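Here the structure is laid out as structure tokens; the discussion comes afterwards.
Computed from a predicted model, the values in this text were never measured in an experiment. Worth knowing before you read on, the calculation uses all heavy atoms, side chains too, and leaves out hydrogens, waters and symmetry mates.
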Amino acid sequence: MENRILKETEALKDSMIEGILELVRIDSVKGEAKEGAPFGSGVRAALDKALEISSRLGFSTTNLDNYIGYAEYGQGADYVCAIGHVDVVPVGDGWRQPPFSGYVENGTIYSRGILDNKGPVMACLYGLYALKRLGYEPKRRIRIIFGCDEESGFGDLKYYLEREKAPVYGFTPDCKFPVVYAERGRAVVRVWAWKDKEKGSSLDDFFAFITQYFIGAKNNGDRLGIDFVHPEYGVMEMRNYKLAAEEGRPYFEASLSYPGGYGIQEILDKIQEKAGALLVVLVHNYNPVVFEKDSPMMGVMKHCYEMVTGQDGTPVTTTGGTYAKAMPGIVPFGPSFPGQKGIGHNPNEWMKMEDLITNAKIYALTLYHLGMLS
């Protein structure tokens, strides 16, 4: 059956590329919320297109009030899923071709969202379509979920989980290969210039602290005493520094990517200890996500990756953050192959057609096996 799945997926490559190009040519940067378009008209248009393509392929579709939607196949009380997203980050400068043109050159597609994440989620859809064409009957339902707010808050996923139960197994094609068994914790910490409306510290104290412990220091938090290291996760990283003010009161923010085995409260306490009269607050936090490396679900993904690519599929960790932070039961799985970094949020975002086809094969096999897993 596996070889039949690979052959059927290969036969769908032209149709899949056409579908991907339809989707990436829609500007789906988050916009002003409107009635019927909670994340803006562009994101709504992209969701509509993804569901339209799904319907054309013969899948039943559900649109949850334009917050999120999904295509579904099969029967059963439970379901497995692949969840990606159709919203994209702002385009920025430096594009050689219009960012939503779906420009194709030498077998490579250039467009905002081609890698992050429209191409990969469509590869999941067409992988499932290959199974459908083969008459596959899974033990449980299979969903391809199209998120709409992954890049700016997970409001889509919160809406989904308030109305739908979580999957029993699943993955998000929004990170890297091989399968990722653990994500670091992700937090945003804010330091205020003083603790309350009555100034307990001067602006000189505030800027001296920011310079000494952030701007003029290593980004591992060593001066703050939070340079935690884990043999599998690696070392703490601080980035995305932001200096701003609210009602005349300055603040500084930093994003923290911290290893498993350490709690956010421990981190906050250590920063506050150094901050003294300055106020340290937690803006938001997602705890580390950890799955057993030898679980049946991990075994499926390792096998499917190795069968298609011939490469080592031993599960790995990531410093990134995906839907796995908030959706129970899922892990990051693809789409980038080893050595492919720094593509998704940069100008001239790209993905090779060959890689998209390989993704679809991996995902088709994975959905097949997850749909049969006990």
Side-chain angles (χ1 to χ4, degrees), residues 1-13 16 20 71 73-74 78-84 115 117 119-145 167-183 289 291-318 322-324 327 329-340 351-374:
M1 184 62 173
E2 289 184 327
N3 287 329
R4 292 179 62 201
I5 291 170
L6 296 180
K7 184 177 179 180
E8 189 65 33
T9 307
E10 176 74 23
L12 294 173
K13 62 183 180 181
M16 182 182 74
I20 290 171
Y73 177 71
D78 296 318
Y79 72 96
V80 300
C81 79
I83 174 171
L115 177 74
N117 186 232
V121 74
M122 292 297 284
C124 294
L125 179 68
Y126 278 85
L128 182 59
Y129 183 47
L131 302 182
K132 178 176 177 289
R133 283 166 59 98
L134 291 171
Y136 171 54
E137 296 183 4
K139 291 182 179 179
R140 51 179 60 88
R141 291 171 290 148
I142 302 176
R143 288 182 182 177
I144 308 300
I145 305 174
V168 290
Y169 304 112
F171 61 89
T172 178
D174 196 19
C175 190
K176 64 182 179 181
F177 288 118
V179 60
V180 174
Y181 77 92
E183 286 190 1
V289 177
F291 281 78
E292 293 295 328
K293 286 192 284 186
D294 58 355
S295 68
M297 182 173 74
M298 290 291 172
V300 162
M301 297 180 194
K302 180 178 185 294
H303 164 75
C304 295
Y305 176 76
E306 290 180 341
M307 180 176 182
V308 175
T309 67
Q311 299 180 33
D312 181 14
T314 301
V316 297
T317 66
T318 182
T322 71
Y323 276 136
M327 172 73 100
I330 71 166
V331 293
F333 189 39
S336 295
F337 293 99
Q340 296 177 338
M351 196 166 183
K352 296 178 181 179
M353 293 183 185
E354 178 184 0
D355 287 347
L356 285 163
I357 296 163
T358 302
N359 269 239
K361 291 177 180 179
I362 295 170
Y363 295 146
L365 285 182
T366 302
L367 293 171
Y368 168 75
H369 285 292
L370 290 182
M372 301 299 286
L373 201 59
S374 298

Interatomic spacing from OG1 in Thr366 to CG in Asn359 - rounded to 0.5 Å: 10.0 Å

Do side-chain atoms of Thr172 reach the backbone of Ile83 as a donor and acceptor pair under 3.5 angstrom? yes

Side chains of Leu373 and Tyr169 in contact at under 4.5 Å (non-hydrogen atoms): yes

Flag the pair Phe177 / Phe337 as yes when their ring centroid distance falls below 6.0 Å, and as no otherwise. yes

Mind checking the CD1-CE spacing from Ile145 to Met327? Nearest 0.5 Å is all I need. 4.0 Å

Is it true that a side-chain atom of Tyr363 and a backbone atom of Phe333 form a donor plus acceptor pair closer than 3.5 Å? yes

Got a sec, which pairs hit salt bridge (charged side-chain N to carboxylate O under 4.0 Å, His left out) with one end in residues 1-12, sequence neighbours left out? Glu8-Arg133, Glu10-Lys13, Glu10-Lys361

What's the shortest heavy-atom distance between Cys304 and His369, and which atoms? SG-CD2, 3.7 Å

Looking at side-chain heavy atoms only, is the closest gap between Met297 and Val168 below 4.5 Å? no

Distance check, rounded to the nearest 0.5 Å: Tyr73 atom OH versus Leu367 atom CG? 12.0 Å

To the nearest 0.5 Å, what is the distance between OH (Tyr129) and CG (Leu12)? 6.5 Å

In short, Pro332 meets Ala324 closest at the heavy-atom pair CD-CB, 4.0 Å

Non-hydrogen atoms of Ala123 and Met16 that approach each other most closely: CA-SD, 3.9 Å

Is it the case that the side chain of Asp355 and the backbone of Ser336 share a donor-acceptor pair, with hydrogens and angles ignored and the cut-off at 3.5 Å? no

Could you list the residues that satisfy salt bridge (charged side-chain N to carboxylate O under 4.0 Å, His left out) with Arg141, not counting sequence neighbours? Glu72

For the student: nearest non-hydrogen atoms of Pro138 and Gly74, plus distance: CG-CA, 4.3 Å

Gap between atom NZ of Lys352 and atom CD1 of Ile357 - 0.5 Å precision: 12.5 Å

Could you check whether any side-chain N or O of Tyr305 sits under 3.5 Å from a backbone N or O of Val179, counting only pairs where one atom can act as donor and the other as acceptor? no

May I ask you to test the Pro178-Asp312 pair for a side-chain heavy-atom distance under 4.5 Å? no

Would you compute the distance between atom CD1 of Ile142 and atom SG of Cys81 and round it to the nearest 0.5 angstrom? 10.5 Å

If every non-hydrogen atom of Val331 is compared with every non-hydrogen atom of Met301, which pair is closest and at what distance? CG2-SD, 3.6 Å

For Lys176 versus Val316, what's the shortest heavy-atom pair and its separation? CE-CG2, 3.9 Å

For atom CD of Glu354, decide whether the heavy atoms of other residues, nucleotides or ligands shown that lie under 6.0 angstrom number more than 12. no

